[in-house]
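Just below is one structure, and these are the notes that go with it.
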Amino acid sequence: MSLASAPAALRMEQGARTGQPVIISLDSAGPGPALGGCRIKPYPSWRDGLDDALRLSAAMTAKTALAGMPYGGGKTVVALSPATAARYAGARRADLLADIGEAVESLGGRYITGPDVGTSPPDMTVIGQHTRHVLCRPPGAGGSGDSSVPTAAGVLACINVLRDRLFGGRPAHELTFAIQGLGHVGRLIADDLARQGASLVVADTDPARQRLAGRWGARLASPEQLLTAGADILVPAALGGILTRQAVPALRCRAIAGPANNQLADDSVAGLLHAHGITWAPDPVVSAGGIVAAVAREIDHLAEPEVQGLLAAIGDRLGAILDESARSALPPLTVARQRIRERLAGGGLLARRKGQQRLTGVVVDD
Ligand code: NAI
């Protein structure tokens with residue numbers, strides 16, 4: 001789901017220690033700062049990392065708005081090359097994390113970071129030595145820890161809603177789930193569904209993770225075959241952009257709900273899925289558990305039953321969108337977009353500061 005347009009602010013500067021560009025996109029702000037994790041991964045060029053930061057920070061605006069949170073959306077991206085990927089996985093990682101911490105701190109509290117693809121709670125401890133504006137450090141270091149656990153809880157709440165709405169409440173053990181990506185979130189979802197006796201077909205590009213299939217008695221598909229493997233519910237838990245106009249006609253599933261951000265290659269795919277009778281649960285709704293729980297625990301200091309209540313409410317929110325979609329015959333994305341617009345416009349909760357684009361920092365040569 002893309003809302004990308006001019007960001008409220010963009011900071012792109014080379015880190016003092018590493019010379020590595022640290023990109024921070026602030027898509028929106030509210031009474032509270034912009035929220036969004038820190039992604040460190042290889043990209044073909046830093047420009048692709050910049051595009052990703054813009055898309056992902058816009059997705060965070062959608063996520064916080066749909067979750068009714070008084071925060072905006074942001075994202076940090078460090079775009080590595082194959083050469084620098086090895087360097088910053090090893091000896092120079094602490095230097096890179098220090099550069100990121102200083103970049104976050106330079107925004108003076110307008111943005112709070114956290115883990116994302118390629119970063120972990122222990123990384124947040126190192127970033128946190130350079131800024132206070134960081135979530136999800138390990139519990140021993142004063143944070144709420146691994147966000148994958150509440151993210152998976154939110155996805156599972158949405159899967160329950162899909163079972164109710166589309167499968168007449170049939171239990172998971174009567175259904176087949178295709179899970180793409182067996183990383184932090186995907187494997188927790190697979191663990192839970194396997195415990196419920198569901199049939200699983202799974203895929204991952206990483207051979208070590210492919211071996212997890214055995215522990216669930218799951219069928220292993222190749223990453224290419226998974227989308228057409230045949231399942232009641234497809235769970236995208238790898239990277240974004242997998243739902244393309246070309247892929248949709250070949251999909252063999254009744255519904256799609258997963259944590260991966262920006263699953264649609266473009267928004268027109270939502271209409272195509274709808275026309276093919278496939279219910280797509282908008283990813284900014286489904287994937288909100290991590291940020292919802294981190295804010296509830298670390299900023300709002302809520303008790304655990306209240307946190308669990310907020311995670312269950314993610315399913316309720318999807319249910320309301322699906323009900324409205326059924327009433328109006330509009331795709332769930334259209335309903336979600338309408339809700340985001342209302343949220344951005346109403347109540348002063350979020351102000352997306354379009355037209356105030358600011359570019360700071362120095363961009364580097366490839
Ligand atoms: P992860 O990096 O731990 O796992 C992703 C897995 O997908 C890896 O095992 C990777 O090998 C695999 N993969 C990559 N390309 C693939 C392909 N083409 N086919 C099959 N597998 C492939 O990431 P994590 O934390 O599990 O997150 C999964 C997705 O959910 C990401 O898109 C992330 O942005 C999103 N998300 C995660 C949250 C969290 O709390 N961890 C919160 C919100 C969204």
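Residue numbers count from 1 along this sequence.
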Which atom pairs, donor and acceptor, lie under 3.5 Å between side-chain atoms of residues 129-139 and protein residues at least two apart or in another chain?
residue : atom : partner : partner atom : Å
Thr131  : OG1  : Glu105  : OE1          : 2.7
Thr131  : OG1  : His133  : N            : 3.1

Asp323 and Arg165 ion-paired at < 4.0 Å: yes
Do Asp206 and Gln210 have side-chain atoms, one donor and one acceptor, less than 3.5 Å apart? no
Find the distance between CG (Asn160) and CZ (Arg163) and round it off to the nearest 0.5 Å. 4.5 Å
Contacts of type salt bridge (Lys or Arg N to Asp or Glu O under 4.0 Å), residue Arg254, not counting sequence neighbours: none
Decide, yes or no, whether a salt bridge links Asp267 with Arg337 under the criterion of side-chain N to carboxylate O below 4.0 Å. yes
Does this structure show an ion pair linking Asp191 with Arg215, if we count only N-O contacts that are shorter than 4.0 Å? yes
Cationic N near anionic O, under 4.0 Å, Glu324 to Arg327: yes
Applying side-chain contact (heavy atoms from CB on, under 4.5 Å), name anything that partners Ala231, two or more places apart in sequence or on another chain. Thr176, Ala178
Side-chain donor-acceptor pair under 3.5 Å between Thr151 and Ser148, yes or no? no
Do the side chain of Glu306 and the main chain of Ala303 share a donor and acceptor less than 3.5 angstrom apart? yes
For Gln263, the option from Leu234, Asp283, Val286 that meets side chain to side chain contact (heavy atoms under 4.5 Å, CB included): Asp283
